[in-house]
Number of protein chains: 2
Amino acid sequence: MAQNTASKVNETSRSAVGRDGVLDIAARLFREQGYGSVSLRKIAEAAGIKAGSIYYHFGSKDEIVAAVLDAGIQVVHESMRDAVTALPADADGETVLRAAIRAHLRALLDVSDYTSANVRIFGQVPQSVRDANLPTRRAYEAEWDSLLSRLQEDGALKQDVDIRRLRLMLIGALNATLDWFDPDRGSADALSRTYADVFLNGILQRQDT
Amino acid sequence: MAQNTASKVNETSRSAVGRDGVLDIAARLFREQGYGSVSLRKIAEAAGIKAGSIYYHFGSKDEIVAAVLDAGIQVVHESMRDAVTALPADADGETVLRAAIRAHLRALLDVSDYTSANVRIFGQVPQSVRDANLPTRRAYEAEWDSLLSRLQEDGALKQDVDIRRLRLMLIGALNATLDWFDPDRGSADALSRTYADVFLNGILQRQDT
DNA sequence: GTCTATACTCCGATAGAC
DNA sequence: GTCTATCGGAGTATAGAC
């Protein structure tokens, strides 16, 4: 986010932040403190402006939150899709799934305040804001369902697992890392390997060695 | 919770709720609506009393939330420990783990507004309230670590998985069901079986059939 | 134990000057 | 684009009657 619109940069006022800057700051605060604890006054203070000035850029607090939520899904969606697309066309199912898991965790834990803010505050925002975010979410969920279905049809995944439920389990497990992930105890990439190991092969010691 | 203290029941005022009743209602509202959306006025209204009357039973809103959070962990802790203790002494690792998973999901999804409220609002409450809940949480986490370590020492679990990380992954995955679980699509017990299947054996189609 | 009444704080939002 | 000033509402909490 906050990619500079290089056009029409010659304006009179040189705000240190601008609309995208306010969004960046809001996303960071929402990720750090949750929805209820972040007031427009806090956002404004962190942005170096006054609360009333926020309304030049946004019509309401809901509008800010909605923008943060949508961007959060878009970032992780593109991250996941790009990671899978970048693989060789003949990559096997395990490789594909590992890449998707790594991309999701990277966006969530390393890259994006927007994605982590979305995961953290989605359950705290007003119903109308949640509803507005749903189409974007559905698209990302469909991407996962499509990927998992393909792997199952190729015979890489067990036939008896329901795709929707598997996606809910997988994304839910990955998103839960936000509550305890500590980069000092290991990178997001290393964590993604552990998740892939567990989901792919389980934790039971197998007798057939 | 709200177990009636059968002693000294002969009092003058016959409140329909009492302290435990207020707690029950608060837990349900927190589970349904989250922390920020539930005011003392809402709790009082649901309890059939006025907001000011809450302060006869509790010193502050934080005190209510803290009581709900502690009870939530205690319920799921006892549920899990009882389920494991009730097994035959010679139950194998897989059986033990399945029982623990089922007990956790039952408490979360079927039985207790306190447990579900805890999972839902823990990340939304003031830091001081979170801190107050930590000892109770640590005890439950230690119960899981003890169980998982025992299974690993018995050779039931793979040797290369870190117990703490495994516990975080497992509890996180189970708790995440709260966001999407729908009893119309299958029972909590059935869901617990799917989680056990995935965590124990993974989702990869195995060639050694 | 519950009521009414109220103090105090903070919030989202608006109006108008610059 | 940002400022100051302010409105109306809702929140937690307290005091004192019953």
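None of these values were measured; they are calculated from a predicted model. Just so it is clear: chains get the letters A, B, ... in the order the sequence lines come, proteins before strands, and each one is counted from 1.
- With rounding to whole Å, B:Arg19 atom CZ is found 12 Å from C:dG1 atom P.
- The side chain of A:Arg41 has C:dC11 as its nearest neighbour among C:dT2, C:dC11, D:dT2.
- Side-chain contact check for A:Asp70 and A:Gln74: no donor-acceptor pair (N or O, by modelled atom type) lies under 3.5 Å.
- Here the rule is salt bridge (Lys or Arg N to Asp or Glu O under 4.0 Å) with B:Glu143, and of B:Arg138, B:Arg137, B:Arg150, B:Arg81 only B:Arg81 fits it.
- Taking a cutoff of 4.0 Å between a charged side-chain nitrogen and a carboxylate oxygen, B:Asp113 and B:Arg28 do not qualify as a salt bridge.
- Between A:Ile54 atom CD1 and D:dC3 atom C1' there is a gap of 13 Å when expressed in whole angstrom units.
- A:Tyr56 places its OH atom 18 Å from the P atom of C:dG16, with the value rounded to the nearest Å.
- By the 30° and 60° cut-offs, the orientation of the rings of B:Trp144 relative to B:His104 is perpendicular.
- Toward the 5′ end of DNA chain C lies the nearest nucleotide of B:Gly48, the other residue of the pair B:Gly48 and A:Ala51 mapping further downstream.
- As a whole-Å value, the separation of A:Lys42 NZ from C:dT9 P is 18 Å.
- Residue B:Glu45 places its CD atom among 12 or fewer non-hydrogen atoms of other residues, nucleotides or ligands, all under 6.0 Å distant.
- Between A:Ser39 and the phosphate of C:dC10, there is no side-chain N or O to OP1/OP2 separation shorter than 4.0 Å.
- In this entry the distance linking CG of B:Asp20 with P of C:dG1 reads 11 Å, nearest Å.
- Nucleotide D:dA5 holds its P atom 19 Å from the OH atom of A:Tyr55, rounded to whole Å.
- Distances from the side chain of B:Ser60 to the nucleotides C:dC11, D:dA13, D:dT2 place D:dA13 closest.
- In terms of phosphate contacts, B:Lys50 brings no side-chain nitrogen or oxygen within less than 4.0 Å of OP1 or OP2 of C:dT2.
- Where B:Asp62 and A:Ser53 meet DNA chain D, the nucleotide closest to each residue was compared, and A:Ser53 sits on the side nearer the 5' end.
- In this structure, A:Glu45 atom CD and C:dC11 atom P are separated by 11 Å, rounded to whole Å.
- When the C1' atom of C:dC11 is taken as reference, atom NZ of A:Lys61 falls 8 Å away, rounded to whole Å.
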